[in-house]
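Remember, predicted model here, so these are calculated numbers, not experimental data. Whatever order the structure lists ligands and atoms in, that order sets their numbers, starting from 1. Position 1 is the first residue of the sequence, and the numbers go up from there.
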Amino acid sequence: MLNLVLFGPPGAGKGTQATRISEKYQLIHLSTGDILREEIAAETELGVEAKKNMDRGELVPDLVVINMIATKIDENKNANGFIFDGFPRSTAQAEALDTILVERGVSIAAMLALEVDNEHLMQRLLRRGRKSGRPDDQNPAIIGNRISIYNKTTAPVIDFYASQNKYLPVNGIGTIEEIFDRLCTSIDVVK
Ligand code: B4P
């Protein structure tokens, strides 16, 4: 089983690249952002609560996303592996993911971390906001809040995987194809 974490700041291209990686390596793509947006669209209790956090550019509580991921892993017992997109986003989530995987006799092979500067992130997210109407992508102040929460709460997850020798930084600037090729080069070393 090949289990990968695709990591990076908001707008780094995690969703874009995770879709391609899941197709090439036949992995189940688990995006906590997409799962939360499905809950919002279905107007579930979880979705209504999560929307309040997401519209402000804040993280959804750890326990909510951890339970969501554990459920999805158990729904896909025969998978070749998983690509986790946008999860873990805090050290508590990273520790919980390790526990969930150990309990099932598997582990993370690598954390692929897309590196993109703030100026590119802001441009990409505002462009997507204009096209998609996503509420958290429309306002520079909310995007700024997401980037600052990333720096404070999410970036320390790098140390968690670096201490396990699983941290693989990847340049996230260039064409989508160029970045995909860089990611595949790293994956082919660990798979
Ligand atoms: P996510 O849905 O995970 O979204 P993201 O970080 O904004 O985007 P991503 O990096 O996937 O960017 P994408 O490929 O789409 O999170 C949204 C919210 O959900 C969070 O703020 C939080 O509230 C909540 N949430 C999710 N997971 C959580 C968790 N684990 N814990 C707590 N809360 C959680 O790319 C962005 C744009 O750039 C796209 O328009 C794309 O077309 C463009 N792009 C991609 N690659 C490009 C390239 N190479 N060049 C130019 N443009 C590019």
Side-chain angles (χ1 to χ4, degrees), residues 4-22 29-41 46-73 82-98 100 111-157 160 170-183:
L4 302 167
V5 168
L6 187 58
F7 188 83
K14 301 182 292 288
T16 306
Q17 299 294 342
T19 304
R20 288 160 178 256
I21 293 169
S22 71
H29 176 190
L30 290 183
S31 156
T32 38
D34 287 349
I35 301 168
L36 289 165
R37 281 184 289 277
E38 283 165 19
E39 296 280 344
I40 292 172
L46 190 160
V48 171
E49 280 307 305
K51 186 173 187 327
K52 294 179 195 161
N53 298 113
M54 291 170 76
D55 283 355
R56 288 195 290 259
E58 294 164 359
L59 295 180
V60 171
D62 285 337
L63 208 55
V64 173
V65 285
I66 290 165
N67 287 336
M68 270 174 17
I69 285 287
T71 304
K72 292 284 178 190
I73 291 173
F82 295 92
I83 174 126
F84 297 98
D85 158 11
F87 179 89
R89 254 176 160 98
S90 66
T91 304
Q93 292 181 19
E95 287 166 353
L97 180 59
D98 262 12
I100 291 167
M111 172 219 236
L112 303 152
L114 290 170
E115 297 189 321
V116 180
D117 60 80
N118 287 355
E119 204 178 312
H120 278 88
L121 297 176
M122 189 64 83
Q123 283 168 7
R124 287 182 189 180
L125 292 174
L126 287 171
R127 196 180 314 129
R128 181 170 66 185
R130 283 194 295 274
K131 281 195 199 154
S132 71
R134 237 176 88 167
D136 58 341
D137 282 346
Q138 312 240 353
N139 178 332
I142 290 176
I143 294 174
N145 191 33
R146 288 161 64 192
I147 294 173
S148 82
I149 289 176
Y150 168 82
N151 288 327
K152 188 165 158 252
T153 307
T154 306
V157 175
F160 181 86
V170 175
N171 178 0
I173 298 191
T175 67
I176 289 170
E177 274 312 318
E178 283 165 349
I179 298 163
F180 182 59
D181 286 347
R182 289 175 203 148
L183 288 164

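For A12, the heavy-atom gap to ligand 1 drops under 4.0 angstrom.
The shortest contact between atom 39 (C) of ligand 1 and any protein heavy atom is with R128 CD, 3.8 Å.
Between R128 and D136 there is no salt bridge, since no side-chain N of the basic residue sits under 4.0 Å from a carboxylate O of the acidic one.
Comparing E178, R124, K14 against atom 52 (N) of ligand 1, the shortest heavy-atom distance belongs to R124. Considering V60, L114, I66, D137 only, the shortest heavy-atom separation from atom 32 (C) of ligand 1 involves V60. When the heavy atoms of H120, R89, K52, R134 are ranked by distance to atom 28 (C) of ligand 1, first place goes to R89.
Between Q93 and the choices D98, T154, D62, T153, the side-chain hydrogen bond (donor to acceptor under 3.5 Å, both in side chains) rule is met once, by D62.
Applying the 4.0 Å criterion to heavy atoms of P10 picks out, from ligand 1, the atoms 6 (O).
Taking only nitrogen or oxygen atoms, main chain and side chain alike, S31 does not reach within less than 3.5 Å of ligand 1. Remark: ligand 1 and P88 share no N or O pair separated by less than 3.5 Å (distance only, no angle test). Looking at G15 next to ligand 1, an N or O pair under 3.5 Å apart turns up.
Residue F87 comes nearest to V5 through the heavy atom pair O-CG1, 3.8 Å, listed as atom of the first residue, atom of the second, then distance. Across G57 and I149, no two heavy atoms sit closer than the pair O-CD1, 3.5 Å.
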